[in-house]
Asker: 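I have a structure here, written as structure tokens, and I will follow up with some questions on it.
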Amino acid sequence: MSSTVKDMLATYPADLGNIDQAKLTTCIEDCITCAQACTACADACLSEGMVGDLAKCIRTDMDCADICTATAAVLSRHTGYDANITAAILKACAMVCKACADECGRHADMHEHCRVCAEACRSCEPACNELLGALG
């Protein structure tokens with residue numbers, strides 16, 4: 001099955017180098033999915049009756065969504081590639097995904113949206129770490 005991310009990488013006119021394109025594709029897709037889940041979870045938390053109790057969850061969701069969005073964008077650009085920037089953003093993304101998964105996990109039994117969000121974060125974290133490891 002083809003994906004837009006995979007198709008766009010295949011159309012890049014220059015050599016992408018030795019990067020593992022399968023891991024790159026997975027990481028970009030997981031970052032986009034995680035950003036959407038975190039945005040939706042933060043919004044759902046704002047609709048809960050006990051919104052004040054969810055302030056840290058909302059903040060963590062928003063931070064994770066922003067960092068995942070930025071990571072997907074950085075990973076989608078290849079002209080003038082800088083491995084140090086890529087490594088730094090992958091580390092930050094993995095870190096915020098772990099924090100968000102842990103925070104949403106605390107509310108997962110009470111809020112289904114937190115459970116779904118935690119799962120998305122738990123998928124994105126290893127994708128970032130695997131791509132980071134493949135960078136060498």
Side-chain angles (χ1 to χ4, degrees):
M1 184 166 123
S2 185
S3 73
T4 301
V5 172
K6 183 178 177 183
D7 292 346
M8 288 305 298
L9 290 173
T11 65
Y12 189 70
D15 183 12
L16 289 174
N18 294 330
I19 193 158
D20 185 323
Q21 289 189 32
K23 288 181 180 176
L24 178 60
T25 298
T26 297
C27 191
I28 293 169
E29 289 173 342
D30 284 358
C31 283
I32 293 166
T33 297
C34 191
Q36 188 280 330
C38 290
T39 299
C41 187
D43 184 64
C45 285
L46 289 169
S47 295
E48 295 289 350
M50 52 195 235
V51 69
D53 294 340
L54 296 170
K56 184 175 181 187
C57 190
I58 294 165
R59 168 61 191 266
T60 307
D61 282 336
M62 293 170 63
D63 288 347
C64 192
D66 288 346
I67 293 171
C68 284
T69 298
T71 302
V74 168
L75 294 177
S76 296
R77 293 190 285 263
H78 305 286
T79 304
Y81 173 76
D82 185 328
N84 293 320
I85 292 171
T86 300
I89 200 158
L90 284 169
K91 287 176 190 173
C93 194
M95 183 183 302
V96 75
C97 285
K98 180 179 181 347
C100 195
D102 290 347
E103 181 60 30
C104 282
R106 290 192 238 310
H107 311 285
D109 289 342
M110 197 177 334
H111 305 293
E112 183 67 8
H113 52 85
C114 287
R115 185 195 63 74
V116 172
C117 186
E119 285 181 12
C121 293
R122 286 188 189 106
S123 292
C124 193
E125 178 191 2
C128 289
N129 285 327
E130 287 174 22
L131 182 57
L132 183 62
L135 294 179

Asker: With a 4.5 Å cut-off on side-chain heavy-atom distances among I, L, V, M, F, W and Y, is there a chain of contacts connecting V96 to I89?
Answerer: no

Asker: Using side-chain contact (heavy atoms from CB on, under 4.5 Å), reason through L135 and L90 one step at a time and then give a plain yes or no.
Answerer: CA-CA 10 Å; L135 294 179; L90 284 169; 3.8 Å; yes

Asker: Can you confirm whether more than 12 heavy atoms, excluding those of N18, are under 6.0 Å from its CG atom?
Answerer: no

Asker: Using the side-chain hydrogen bond (donor to acceptor under 3.5 Å, both in side chains) criterion, which residues pair with T11? Sequence neighbours excluded.
Answerer: none

Asker: Using the ring-ring contact (aromatic ring centres under 6.0 Å, His included) rule, collect all pairs that involve residues 14-68, keeping only residues at least two apart or in two chains.
Answerer: none

Asker: Should T33 and C124 be marked as a side-chain contact (heavy atoms from CB on, under 4.5 Å) after you check the CA-CA gap, both sets of side-chain angles, and the distance that decides it?
Answerer: CA-CA 8 Å; T33 297; C124 193; over 6 Å; no

Asker: With sequence neighbours left out, which residue pairs that include part of residues 7-26 fulfil the ring-ring contact (aromatic ring centres under 6.0 Å, His included) condition?
Answerer: Y12-H78

Asker: Please list, one pair per line, the donor and acceptor atoms closer than 3.5 Å that link side chains of residues 65-73 to other protein atoms, with sequence neighbours excluded.
Answerer:
{"unit_1": "T69", "atom_1": "OG1", "unit_2": "A65", "atom_2": "O", "d": "2.8"}
{"unit_1": "T71", "atom_1": "OG1", "unit_2": "I67", "atom_2": "O", "d": "2.7"}

Asker: Among residues two or more places apart or on two chains, list those pairs meeting ring-ring contact (aromatic ring centres under 6.0 Å, His included) that have a residue in residues 44-68.
Answerer: none

Asker: Report the distance from atom CD1 of I58 to atom CG of D53, rounding to the nearest 0.5 Å.
Answerer: 10.0 Å

Asker: If a pair satisfies salt bridge (Lys or Arg N to Asp or Glu O under 4.0 Å) and one of its residues is in residues 87-99, list it, with sequence neighbours excluded.
Answerer: K98-D102

Asker: Where is the tightest heavy-atom contact between D20 and A134, given as atom of each residue plus distance?
Answerer: CB-CB, 4.4 Å

Asker: Give me each pair satisfying ring-ring contact (aromatic ring centres under 6.0 Å, His included) with a member in residues 20-69, each pair once, sequence neighbours excluded.
Answerer: none

Asker: Side-chain polar contacts of residues 24-32 - donor-acceptor pairs under 3.5 angstrom, sequence neighbours left out - could you list them?
Answerer:
{"unit_1": "T25", "atom_1": "OG1", "unit_2": "Q21", "atom_2": "O", "d": "2.8"}
{"unit_1": "T26", "atom_1": "OG1", "unit_2": "A22", "atom_2": "O", "d": "3.0"}
{"unit_1": "E29", "atom_1": "OE2", "unit_2": "S3", "atom_2": "OG", "d": "2.6"}

Asker: On a heavy-atom basis, which atom in C57 and which in E103 lie closest, and how many Å separate them?
Answerer: CA-CG, 3.6 Å

Asker: Could you give me the CA-CA distance, side-chain angles and deciding distance for L131 and I19, then say whether side-chain contact (heavy atoms from CB on, under 4.5 Å) is met?
Answerer: CA-CA 9 Å; L131 182 57; I19 193 158; 4.2 Å; yes

Asker: Mind listing the side-chain donor-acceptor pairs of residues 38-52 below 3.5 Å, one per line with the distance, residues two or more places apart or on another chain?
Answerer:
{"unit_1": "T39", "atom_1": "OG1", "unit_2": "A35", "atom_2": "O", "d": "2.9"}
{"unit_1": "E48", "atom_1": "OE2", "unit_2": "H111", "atom_2": "ND1", "d": "3.1"}
{"unit_1": "E48", "atom_1": "OE2", "unit_2": "H113", "atom_2": "NE2", "d": "2.9"}

Asker: Can you give the donor-acceptor pairs under 3.5 Å from side chains of residues 115-123 to other protein atoms, not counting sequence neighbours?
Answerer:
{"unit_1": "R115", "atom_1": "NE", "unit_2": "E112", "atom_2": "OE1", "d": "3.2"}
{"unit_1": "R115", "atom_1": "NE", "unit_2": "E112", "atom_2": "OE2", "d": "2.8"}
{"unit_1": "R115", "atom_1": "NH1", "unit_2": "E119", "atom_2": "OE1", "d": "3.4"}
{"unit_1": "R115", "atom_1": "NH1", "unit_2": "E119", "atom_2": "OE2", "d": "2.3"}
{"unit_1": "R115", "atom_1": "NH2", "unit_2": "E112", "atom_2": "OE2", "d": "2.4"}
{"unit_1": "R122", "atom_1": "NH2", "unit_2": "A101", "atom_2": "O", "d": "3.4"}
{"unit_1": "S123", "atom_1": "OG", "unit_2": "E119", "atom_2": "O", "d": "3.3"}

Asker: Could I get the full list of side-chain hydrogen bond (donor to acceptor under 3.5 Å, both in side chains) partners for Y81, not counting sequence neighbours?
Answerer: none

Asker: For D63, what residues pass the salt bridge (charged side-chain N to carboxylate O under 4.0 Å, His left out) criterion, not counting sequence neighbours?
Answerer: R59

